Novice: 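A single structure is presented below for examination.
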Amino acid sequence: MEFQAPRGTTDVLPDDQGYWRYVESTASQVAESFGYRRIDTPVFEDTNLFVRGIGDSTDIVEKETYTFKDRGGDSLTLRPEGTASICRAYLQHGMHNMPQPVRLFYLCPNFRYERPQAGRFRAFHQFGIEAFGESDPYIDAEVIEVSWRFLKAVGIDDISLSINSIGDMDCRPKYVDALKTHYQNHSSSLCPDCHRRLDTNPLRLLDCKIESCQPIIESAPKGTEYLCIPCNTHWLQLQEYLTAVGIRFNVDNTLVRGLDYYSRTVYEITPPTDRRTNVIAGGGRYDGLLEQLGGPATPGIGFGMGIERVIENIKRLGINIVADSKLNIMLAHMGEPAKKESIRLSSEIRQLGAEAFVGPSRGLKSQMRYASNMNASHTIIIGDDELSSGTYTVRDLTSGDQSEMTADGILNFVKDYDNSHRVN
RNA sequence: GUGAGCGUGGCCAAGUCGGUUAAGGCGCCAGGUUGUGGCCCUGGAGAUCGAGGGUUCGAAUCCCUUCGCUCACCCCA
């Protein structure tokens, strides 16, 4: 085959569309039930937005962006995550003048140039929310609850929540120093990656998976023991609020996140399999981000969730997406006059809001088979006999019952059916 | 970027110590009622065996190159 979808991208075929619509509509419903309103931003942004927002030393910005110059010479980047764009929109449209907090959610594609593997794509989709202008920990608990309730609502039940606090500008540096000191004392037994991390991203040291590094991680100082008073209060209240809404969590002091902008609360939700490999949702607080992007100091918190990963888990659990059984009529025809009549009548039916399509120009048997395979609910059979008598044969494909109806009778049937038989 | 596995009709695939027309299943099309689906039976269409080169009388099967896919690391949703 000459052409195929670019590496790390996939086609969502008709058979899979049900999952996507199910996930998207559930996401909207759950987010809206918490007072979040949808926002859509462009797929590409000024490259500097991501450099300044996400951090120029993060892997995402350093080596995973799709960056290009447009014909005018501006450097643009395909959005690799949702938060930076939404912060930009918040500032651009003066949302800091709206009543705070401002609650927003999004469903959109993101792009990262990575080697694809299980649950990881170059073009992928995220459901996410952001809450701006509230530093009280109730909103941290709320954000976590949105992601939790959504996963439950969609039927993914066997999930676990890990939370941690990585402190703020005040206390985190002290912790990082303590961590570095600890690691420098063990530098002889570190894996090569951890040697690198010690310089580039010390917090990442904590989730190294190499066997020989585990003892060092276990004996490492815990971040939550270095929190300043305000951060510690925030941290403790968050846990109380989560408990209040009945969400179980486990504190994971090795949990850190890959983007520079996080502070205080960070969390992840994972399916039961491997604890770190397939994070479904991750998020946290980013109190310094808006300011860093040139706006007023504004607290913010949100999460991002991989829709492909959600769907993967829905499939893994064999969750049934119930499709509504709608009227879906195929018009079988024999002979040119009948074909013309079926074209006319199908158009009338559609204008009443039902689904109808003309059968393929083949033998009746073949048309019936096609109707069956297309999951048609009814077939209307039109031939010379029907045209001369003015009554058409209507076959219910589920029950196999047949009856004779005039064209007007069929239209009335469609109208009535629509109101009385629709199942959801 | 690193490492491993794999690439045979639309899909799942047998065949891979080289040898006559490359199994089988699903799906598709047709026939088995003169105007009727879902089951069953029969038949049919559809593959230059990822691509290029080489070895050989002869290669899907061996060698080289290349592209692609998958998984793991890294990183992350």
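Chain letters run A, B, ... following the sequence lines, proteins first, then strands; residues in each count from 1. This structure is a prediction, so every number in the text was calculated from the model and none was measured.
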Novice: Measure from the ring centre of A:F124 to the centre of the six-membered ring in the base of B:A77, then say whether that distance is under 5.5 Å and the planes meet at under 30°.
Specialist: yes
Novice: Between A:R344 and A:E341, does any side-chain N to carboxylate O distance fall below 4.0 Å?
Specialist: yes
Novice: Can you check the distance between B:U2 and B:G18, where both ends of the measurement are the P atom (answer in whole Å)?
Specialist: 35 Å
Novice: Give A:Q402 one of three labels, base, sugar-phosphate or nothing, depending on what nucleic acid heavy atoms sit under 4.0 Å from its own.
Specialist: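 Touches a base.
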Novice: Rounded to whole Å, please give me the gap between CG in A:L205 and C1' in B:C74.
Specialist: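 Going from CG in A:L205 over to C1' in B:C74 covers 14 Å.
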Novice: Using whole Å, what does the distance between atom C1' of nucleotide B:C75 and atom CZ of A:R122 come to?
Specialist: 13 Å
Novice: Counting only side-chain N and O atoms of A:R120, is one of them less than 4.0 Å from OP1 or OP2 of B:A72?
Specialist: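 Negative; the distance criterion is not met.
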Novice: Does A:R7 have a side-chain nitrogen or oxygen under 4.0 Å from the phosphate oxygens OP1 or OP2 of B:C69?
Specialist: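 Yes, such a contact exists.
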Novice: Taking the P atom of each, how far is B:G58 from B:A47, in whole Å?
Specialist: 26 Å
Novice: Between B:C26 and B:U70, how far is it from one P atom to the other, in whole Å?
Specialist: 28 Å
Novice: Are side-chain heavy atoms of A:I349 and A:I380 found at a separation under 4.5 Å?
Specialist: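 Of all side-chain heavy-atom pairs linking A:I380 with A:I349, at least one is under 4.5 Å.
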Novice: Distance check: side-chain N/O of A:N373 vs OP1/OP2 of B:C28, anything under 4.0 Å?
Specialist: yes
Novice: A:K365 has a side chain; which of B:U36, B:A77, B:A30 sits nearest to it?
Specialist: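 It is B:U36.
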Novice: Do A:R52 and A:D46 meet the salt-bridge criterion of a basic N to acidic O distance under 4.0 Å?
Specialist: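 No salt bridge links A:D46 with A:R52.
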Novice: I need the CD1-P distance between A:I129 and B:A77, as an integer number of Å.
Specialist: 15 Å
Novice: For the base of B:G37, is there a side-chain donor-acceptor partner from A:R395 under 3.5 Å away?
Specialist: yes
Novice: If we call it a pair only when both distances are under 3.5 Å in a Watson-Crick or G-U wobble match, what pairs with B:G46?
Specialist: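 B:G46 is unpaired by these criteria.
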Novice: Ignoring hydrogens and angles, answer whether the base of B:C76 and the side-chain atoms of A:R309 contain a donor-acceptor pair closer than 3.5 Å.
Specialist: yes
Novice: A:F303 versus A:I269: any side-chain heavy-atom pair under 4.5 Å?
Specialist: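 With C-beta onward as the side chain, the pair stays apart.
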Novice: Go through B:G35, B:U36, B:G37 for me and flag the one nearest to the A:S372 side chain.
Specialist: B:G37
Novice: Within this structure, what is the NE2-to-C1' distance between A:H333 and B:U36, rounded to whole angstrom?
Specialist: 14 Å
Novice: Do A:E64 side-chain and B:G1 base share a donor-acceptor contact under 3.5 Å?
Specialist: no
Novice: Closest to the A:R115 side chain: B:A77, B:C75, B:G3?
Specialist: B:G3
Novice: Is A:Q117 close enough to B:A72 that one of its side-chain N or O atoms is under 4.0 Å from OP1 or OP2 there?
Specialist: yes
Novice: Salt bridge check: are A:K152 and A:D157 linked by an N-O gap of less than 4.0 Å?
Specialist: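 Result for this pair is yes, salt bridge flagged.
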Novice: Is any side-chain heavy atom of A:E142 less than 4.5 Å from a side-chain heavy atom of A:V245?
Specialist: no
Novice: What is the base-pairing partner of B:C57, counting Watson-Crick and G-U wobble geometry with both distances under 3.5 Å?
Specialist: B:G19
Novice: Specify the separation, in whole Å, of atom CG of A:L331 and atom P of B:G37.
Specialist: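 Value for this atom pair: 18 Å.
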Novice: In terms of side-chain heavy atoms, does A:Y267 have a donor or acceptor partner in A:S147 at a distance below 3.5 Å?
Specialist: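 Present: a donor and an acceptor within the cut-off.
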Novice: Taking only side-chain N and O atoms of A:S366, does any of them lie within less than 4.0 angstrom of OP1 or OP2 on B:A30?
Specialist: yes
Novice: Which nucleotide wins on minimum distance to the side chain of A:E114, given the candidates B:A77, B:U36, B:G68?
Specialist: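 So the side chain of A:E114 is nearest to B:A77.
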Novice: If I take atom CG in residue A:L397 and atom C1' in nucleotide B:G38, what distance separates them, rounded to the nearest angstrom?
Specialist: 9 Å
Novice: Output the single nucleotide from B:C74, B:C75, B:G37 whose closest atom is nearest the side chain of A:M368.
Specialist: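 Comparing B:C74, B:C75, B:G37 against the side chain of A:M368, the answer is B:G37.
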Novice: Taking the C1' atom in each of B:U8 and B:A4, what is the distance between them to the nearest angstrom?
Specialist: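 Per the computed distance, 23 Å lies between those C1' atoms.
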Novice: Given atom CZ of A:R112 and atom C1' of B:C76, what is their separation to the nearest angstrom?
Specialist: 5 Å
